[in-house]
*Asks:* 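Before anything else, here's the structure in question.
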Number of protein chains: 2
Amino acid sequence: MIRPAVVLNYIGKIVVIIGIAMMTSVFWSIYYQEEIIWRIVLAALITIIAGLLLSRIDKHGKSLNYREGFAVVTLGWVAASFFGTLPFLLSGYMPSFADAIFETVSGFTTTGATILTDVEALPKSLLFWRSLTQWLGGMGIMALFIAIIVGMGTRANQIFRAEIPGPVSDKISPRIRETAKILWTTYVVMSVVLFFLLYIFGMDVFDAFCHTFSTMATGGFSTKNQSVGFYSSPYIQWTIIIFMFIAGTNFSLHYFAYKKRSLKGYIQNREFKLYSGIILVAAALCAVGMSQIPAMEEKIRTSLFQVVSIITTTGYGTADYDQWSALGKSVILILMFIGGCAGSTSGNIKVGRHLIMLQRAAIEIKKMIHPKALIPVRLGGRVISIDLVVNVLQFFFIYMAIIFIGTITMGAMGLDLLSGFSAVATCLGNVGPGFGLVGPTQNFGFMPDVGKYILSLLMLLGRLEIYPVLVLLMPSYWKE
Amino acid sequence: MIRPAVVLNYIGKIVVIIGIAMMTSVFWSIYYQEEIIWRIVLAALITIIAGLLLSRIDKHGKSLNYREGFAVVTLGWVAASFFGTLPFLLSGYMPSFADAIFETVSGFTTTGATILTDVEALPKSLLFWRSLTQWLGGMGIMALFIAIIVGMGTRANQIFRAEIPGPVSDKISPRIRETAKILWTTYVVMSVVLFFLLYIFGMDVFDAFCHTFSTMATGGFSTKNQSVGFYSSPYIQWTIIIFMFIAGTNFSLHYFAYKKRSLKGYIQNREFKLYSGIILVAAALCAVGMSQIPAMEEKIRTSLFQVVSIITTTGYGTADYDQWSALGKSVILILMFIGGCAGSTSGNIKVGRHLIMLQRAAIEIKKMIHPKALIPVRLGGRVISIDLVVNVLQFFFIYMAIIFIGTITMGAMGLDLLSGFSAVATCLGNVGPGFGLVGPTQNFGFMPDVGKYILSLLMLLGRLEIYPVLVLLMPSYWKE
């Protein structure tokens, strides 16, 4: 049974957090003496008040039941996205609701696709909010919520699992609230380090904040029209390469490396090894075709930047890969179907799922030779149950089916095949840029409104890893 | 243990059948008084003699063991393809081995992709052989072999299953040889009917033969540069639409419909219903964007022809779909990942597999609401075991993984993304035409040799549904 009041109570609390976060943009409005300051304040106040009102509907603060958990996750993200549009709408800088919702969903889901042609024309407070949505969405709005609000009852675990990317969530702590706290702390600490590095290497404070947010979240929003390509400093580019790579790694590996003061955890992790291996091979293939850049360091840096940016689903650019060799372009296209590690801030299918499916593929072929053999699938030192294998394989099928159907909807809007297919793949995978009309130097502003809504839905589906959203569409979910 | 002599014995017998089939081309050489007649005779004789020599290596005619069955299927197809190139090579009309193997594999696998720019320049005997390879490959060289040669032992079942397309092979008869005979008889009878219809509607005897072969096999080779578009007669086009549709349907449905004198079997079959439904929806979507053709009948016929041609993996053309609206093109692209029914002559993933995966997807989502529920997957009135579900899901993953890796190899050869991606998809799916450089009015002649070999391998992988080929690549297959 779904109790609307209970669900709205929790959603209200999430909306309050979003509103408080919005308030931080006001500081930048003050600092840069922007005219829109009162509009930002208004947006934040509306959000906070609406959140408080929603959370008052159920006064008893009842615990969620099993089914309500799914509604809180999905509708919580939808609510956050709706209220997140207010600074864009009220400021007058993004009057179209379709544009504002696309940009906000792209922010929270850490996709990083934009409808803006001239990013730099936006006031700083809006740019800050845009980047902050990525940082909040990266480690998870729900996880933050669990970490700071008490009284979730036993459903916290389920909500947490629905939001944290990947097929298996490592149990860092038996208590889910502890895990959420540890993950968010790791995230914050690494963000602080990145911020200082970017500042030291020459970014101003504002840009360092914004790029820290979207790098750690593997988001990809930049404050510059040229994206990270604006910063010609190799130090800044290498720093971002490394931190995108770190953000695409399972955060529990970082935490245990810190706890045990040892890097062994990384080396023993098969997903991490495959993730690193794919990056090296892909970057080498891209570098091979890159005759336009003669200097070796720059060639490696440019290839590696783009490969890490796409596989981690960040989507920053220092180069227009749509101008690369056919080999480089095909590598980038395929990376749009990989993603980073489970338990990272990256989106997409994820290396962990690919690893499970690759192992199971080998087993399927071996079973033809030895039909009775029972060969287990392993991930992170554990044997994976057949139920999880089916769940992962089924995820892949649904993922591809959504891409196929999505491509047809893009065709219906007149997009050519490559633009349409890559737009759907890049949005569902939370990557950001695609090819052709939605290439790295282009944007999504030209899309008809209905296209922006469809792609926003795909971004949300991708970020929540499909199942929790689809479950709400089943009639039996709403029945007694 | 693999006994090479035993495997070669069976492969030799298959080669003999190929050689005898090749001899039928000689009649057309005589009829059209072609100069290359003795070269065709030579090709056929070499094939027959080589086959006889191979089959003499093991004089005892031992039965195959379990593992050897896979080798006979895969290597039998490879051998058939090698000897099948002889008419092309010896005649001097296709001097490049890469070209000849591409064309022959494309024939046997019923892909229908060609390296020829001017098909009509070929002598009739070669055109006949080209079409005949499709007809032989359509229902299966092995099935034919099983149907006409005694003494396969218990391995016939396994070989049969490896070759007959689809996730489940309906047991028409408890004896596999009976089943093979019934399928081939149904195939022959329908081919005779189609031949007479095409002849009555205006094709000459030669073209009626060739188009019957490639229609019933869902192959797609035509004797005309304009493909079926050469025949402006709506009767011919409608006849081919209907017979492509029939060839893409499970042949056991045809057999039982004949046996029981009832069409109920079709209506009760969920795969058939989904197959028909996809065709109707896809054709409607294609027709919507087709403003260049005003006449309603022609609009419907053109859309339906192309949709049926692609979903059944035939690949004939009456129109250049690469010039269609964005919507129409995206529909055609996605149809390249569907295929016809299991147990038909079509290639690709097949509607049956999609049906299993779609059902299981719904179950996966329902399991989130009722985690303990046991909901079975059904196909053809039977409950599908979880092992088969995993097998199907795993097939889909391997299929897509091959497409991803294949796209990168095409990129390495300089093909643009859409041409490369669609070339791989159309060859692995045994469809024929793709988009861009390999579009319906283009051909594969421009590809570098290594590209032709890669695509030939993909066609073979697709025709044998991947597993029997990959099993030969496992080291443990060759060990004791």
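Throughout, protein chains are lettered first and strands after them, A, B, ... in sequence-line order, and every chain is numbered starting at 1. Being a predicted model, the structure only gives us computed values, none of them experimental.
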*Asks:* Can you tell me which portion of B:Ser325 sits under 4.5 Å from chain A's heavy atoms? Options are side chain, backbone, both or neither.
*Replies:* neither
*Asks:* Which atom names give the shortest non-hydrogen contact between B:Leu393 and A:Gln394, and what distance separates them?
*Replies:* CD1-OE1, 3.6 Å
*Asks:* Need one label for B:His354: side chain, backbone, both or neither, based on atoms under 4.5 Å from any heavy atom in chain A.
*Replies:* both
*Asks:* Between NZ of B:Lys367 and CG of A:Asp387, what distance do you get to the nearest 0.5 Å?
*Replies:* 5.0 Å
*Asks:* Verify, without hydrogens or angle tests, whether A:Glu364 (side chain) and B:Phe395 (backbone) share a donor-acceptor contact under 3.5 angstrom.
*Replies:* no
*Asks:* At their closest point, which heavy atom of A:Ser330 faces which heavy atom of B:Gly411, and how far apart are they?
*Replies:* OG-CA, 3.7 Å
*Asks:* What part of B:Ile386 lies closer than 4.5 angstrom to a heavy atom of chain A: side chain, backbone, both or neither?
*Replies:* side chain
*Asks:* Using the side chain to side chain contact (heavy atoms under 4.5 Å, CB included) rule, pick out the option among A:Leu415, A:Ile408, A:Thr409 that qualifies with B:Leu327.
*Replies:* A:Ile408
*Asks:* Distance check, rounded to the nearest 0.5 Å: A:Leu418 atom CG versus B:Phe421 atom CZ?
*Replies:* 10.0 Å
*Asks:* Find the distance between CZ (B:Phe404) and CG (A:Leu335) and round it off to the nearest 0.5 Å.
*Replies:* 11.0 Å
*Asks:* Below 4.5 Å, heavy-atom pairs only: which of A:Lys366, A:Met357, A:Met400 has the largest tally toward chain B?
*Replies:* A:Met357
*Asks:* Tell me, side chain or backbone of B:Ile369 under 4.5 Å from chain A's heavy atoms, or both, or neither?
*Replies:* both
*Asks:* CD1 of B:Ile405 to CD1 of A:Ile334: how many Å apart, nearest 0.5 Å?
*Replies:* 9.0 Å
*Asks:* Give the ring-plane orientation class for A:Phe396 versus B:Phe397, where under 30° counts as parallel, over 60° as perpendicular and anything between as tilted.
*Replies:* perpendicular
*Asks:* Sort out for me which of B:Ile398, B:Val390, B:Leu285 touches chain A most, counting heavy-atom pairs under 4.5 Å.
*Replies:* B:Val390
*Asks:* Of the backbone (N, CA, C, O) and the side chain (C-beta and beyond), which part of B:Ile363 lies under 4.5 Å from a heavy atom of chain A, both, or neither?
*Replies:* neither
*Asks:* Could you tell me which portion of B:Leu470 (side chain, backbone, both or neither) has an atom closer than 4.5 angstrom to a non-hydrogen atom of chain A?
*Replies:* both
*Asks:* Check whether A:Leu473 gets within reach of chain B through its side chain, its backbone, both or neither, counting any heavy atom under 4.5 Å.
*Replies:* neither
*Asks:* Please classify the contact of A:Ile403 with chain B as side chain, backbone, both or neither, using a heavy-atom distance under 4.5 Å.
*Replies:* neither
*Asks:* Hey, what do you get for CZ (A:Arg67) to NE2 (B:His370), rounding to the nearest 0.5 Å?
*Replies:* 5.0 Å
*Asks:* Can you measure from CG (A:Leu417) to CG (B:Leu417) and round to the nearest 0.5 angstrom?
*Replies:* 12.0 Å
*Asks:* Quick check on the interface: out of A:Ile466, A:Asp416, A:Val471, who has the most heavy-atom pairs with chain B under 4.5 Å?
*Replies:* A:Val471
